[in-house]
Amino acid sequence: MQTFITGASGFIGGAIAKSLSTAHDIRAVSRSDQSDDAVRRLGVTPVRCELGSVRPEHLAGCDVVIHCAAFVKQWGTREQFWPANVDGTAQLLDAAKQTGIRRFIFISTEAVLFDGHFLRDLDESMPYPAHTQFLYPETKAAAEKIVLAANAPGFTTISLRLRFVWGPGDNTTLPVVKKAVKRGMYMWIDGGRAKTVTTHIANVVHAVTLALTRGRGGESYFITDDGTTTVREFLTALLGTQGIQLPNLSIPGTMARALGWLIERAWRLLRLRSVPPLTHFAAAMASSDCTIRIDKARTELEYTPVITREQGLAELML
């Protein structure tokens, strides 16, 4: 099976590309010589193009598109989020349809349903919020809607919604928390008691592999590890694998959200280019429960996690 992947230079896309390259002919978006080298090390053929300008000839001969690339930031402008997450997805869909691609897999997130409130016992029947003040959820939801609406006979579109992805190669959660601890800037929000689920990168790869041939077109599927934990329990264990002890300092969630909102306003007024130390979105996510049911993926994708949270943590132990 010939597959075209976006975002192969990132954590999730790279893991998917590397795994699939052992059994499939994989091509991946590459925007530079450095990216070419990184993609080739995964066993993948680089294709020099970028999101928003992928042409049919870049996809010629491919059967499947796996769209992982996105502007994934706590902080940014609408001019950064919308073109990357929405316009780029729409353009890639158009190119895929013109080329005769048979299946389009969109890597999504539970955040498409997040508007600042708790997400408890979540499943795919929950509607999109009428409004959210956060750009990442807004634009990922807009992109997902476009993808699912494009489903048609001969062109199957599927969305895989991930939550709190972690594991070997993580360049987001683990290094960010380590850096904050090193700088003496880490603190819990609400003591880290928010309930959460996680998704190990091996389980992500497994779900994508299943979605190459399974799943109903025009449908979304939540993909997570088994079981629920808390932010404090998980991060304490995750950082513990690196021999790092997290401090006990904590602030209330309401205070963190207000502080994040104020800091964002100050950054915009002062036109600062750096990332704020705390954003409203990060504070809201960290202080909100998020528990998810994966019954639909179990039934329709035949998905079962291939690694437990405990096994994943053990593998990360230094």
Side-chain angles (χ1 to χ4, degrees), residues 10-11 69-86 108-120 128-143 162-166 170-198 230-236 238-239 242 244-290:
F11 172 37
F71 187 77
V72 185
K73 302 288 184 181
Q74 296 181 25
W75 173 252
T77 64
R78 180 168 295 277
E79 290 70 29
Q80 291 173 304
F81 277 100
W82 195 271
N85 293 350
V86 185
S108 189
T109 166
E110 94 296 338
V112 297
L113 303 179
F114 185 65
D115 62 358
H117 296 91
F118 286 11
L119 298 173
R120 290 173 173 152
Y128 297 103
H131 172 73
T132 180
Q133 58 191 305
F134 306 118
L135 287 170
Y136 178 64
E138 177 191 350
T139 54
K140 285 295 286 187
L162 316 178
R163 161 72 178 180
F164 211 149
V165 182
W166 66 290
D170 172 21
N171 55 10
T172 52
T173 302
L174 185 56
V176 168
V177 176
K178 286 174 69 173
K179 185 176 181 180
V181 172
K182 184 177 181 180
R183 291 181 173 181
M185 297 177 63
Y186 186 82
M187 67 177 65
W188 300 103
I189 296 177
D190 282 336
R193 65 174 178 266
K195 294 179 180 179
T196 189
V197 292
T198 60
T230 66
V231 171
R232 186 171 192 130
E233 180 181 29
F234 178 67
L235 287 183
T236 297
L238 182 63
L239 274 293
Q242 310 299 298
I244 298 173
Q245 184 174 356
L246 295 174
N248 288 318
L249 185 63
S250 177
I251 62 172
T254 52
M255 182 182 296
R257 292 186 187 219
L259 186 59
W261 186 88
L262 289 171
I263 291 173
E264 284 189 8
R265 294 306 177 274
W267 248 244
R268 294 197 192 282
L269 285 172
L270 296 173
R271 298 183 179 179
L272 300 177
R273 294 178 178 270
S274 60
V275 178
L278 179 67
T279 65
H280 188 197
F281 177 57
M285 290 287 283
S287 59
S288 297
D289 287 352
C290 182

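All figures in this text were calculated on a predicted structure; none of them were measured in a lab.
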Original post:
Taking atom types as modelled and ignoring hydrogens, do the side chains of S250 and R193 form a donor-acceptor contact shorter than 3.5 angstrom?
Top reply: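 No, because no side-chain N or O of S250 sits under 3.5 Å from a partner of the opposite role on R193.
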Can you check whether [X] reaches [Y] side chain to side chain, under 4.5 Å on heavy atoms?
{"X": "F134", "Y": "T279", "value": "no"}
{"X": "P277", "Y": "W267", "value": "yes"}
{"X": "R78", "Y": "E138", "value": "yes"}
{"X": "W75", "Y": "E264", "value": "yes"}
{"X": "L249", "Y": "W188", "value": "no"}
{"X": "Q80", "Y": "K73", "value": "no"}
{"X": "F164", "Y": "E110", "value": "no"}
{"X": "L239", "Y": "K178", "value": "yes"}

What are the two closest non-hydrogen atoms of [X] and [Y], and how far apart are they?
{"X": "N85", "Y": "A143", "answer": "O-CB, 3.1 Å"}
{"X": "I263", "Y": "P276", "answer": "CG2-CB, 3.6 Å"}
{"X": "L238", "Y": "T173", "answer": "CD2-CG2, 4.3 Å"}
{"X": "R257", "Y": "A284", "answer": "NH2-O, 3.4 Å"}
{"X": "T230", "Y": "G192", "answer": "CB-O, 3.7 Å"}
{"X": "Y136", "Y": "T109", "answer": "OH-CG2, 3.7 Å"}

Would you say the side-chain atoms of [X] pair up with the backbone N or O of [Y], donor to acceptor, closer than 3.5 Å?
{"X": "R163", "Y": "C290", "result": "no"}
{"X": "R232", "Y": "G191", "result": "yes"}
{"X": "D289", "Y": "K195", "result": "yes"}
{"X": "D190", "Y": "G253", "result": "yes"}

**OP:** Could you tell me how the ring of F71 sits relative to the ring of F81: parallel (under 30°), tilted (30 to 60°) or perpendicular (over 60°)?
**Re:** perpendicular
With rounding to the nearest 0.5 Å, note down the distance linking [atom1] in [X] to [atom2] in [Y].
{"X": "T196", "Y": "F234", "atom1": "OG1", "atom2": "CZ", "result": "8.5 Å"}
{"X": "F114", "Y": "T132", "atom1": "CZ", "atom2": "OG1", "result": "7.0 Å"}
{"X": "M255", "Y": "I189", "atom1": "CE", "atom2": "CD1", "result": "11.5 Å"}
{"X": "Q133", "Y": "F281", "atom1": "CD", "atom2": "CZ", "result": "10.5 Å"}
{"X": "R268", "Y": "L270", "atom1": "CZ", "atom2": "CG", "result": "12.0 Å"}
{"X": "T236", "Y": "I244", "atom1": "OG1", "atom2": "CD1", "result": "11.5 Å"}

Original post:
Would L246 and V177 satisfy side chain to side chain contact (heavy atoms under 4.5 Å, CB included), going step by step from the backbone distance to the final call?
Top reply: CA-CA 9 Å; L246 295 174; V177 176; 3.9 Å; yes
Original post:
Under the side chain to side chain contact (heavy atoms under 4.5 Å, CB included) criterion, do Q74 and V275 qualify, and how do the steps go?
Top reply: CA-CA 8 Å; Q74 296 181 25; V275 178; 5.6 Å; no
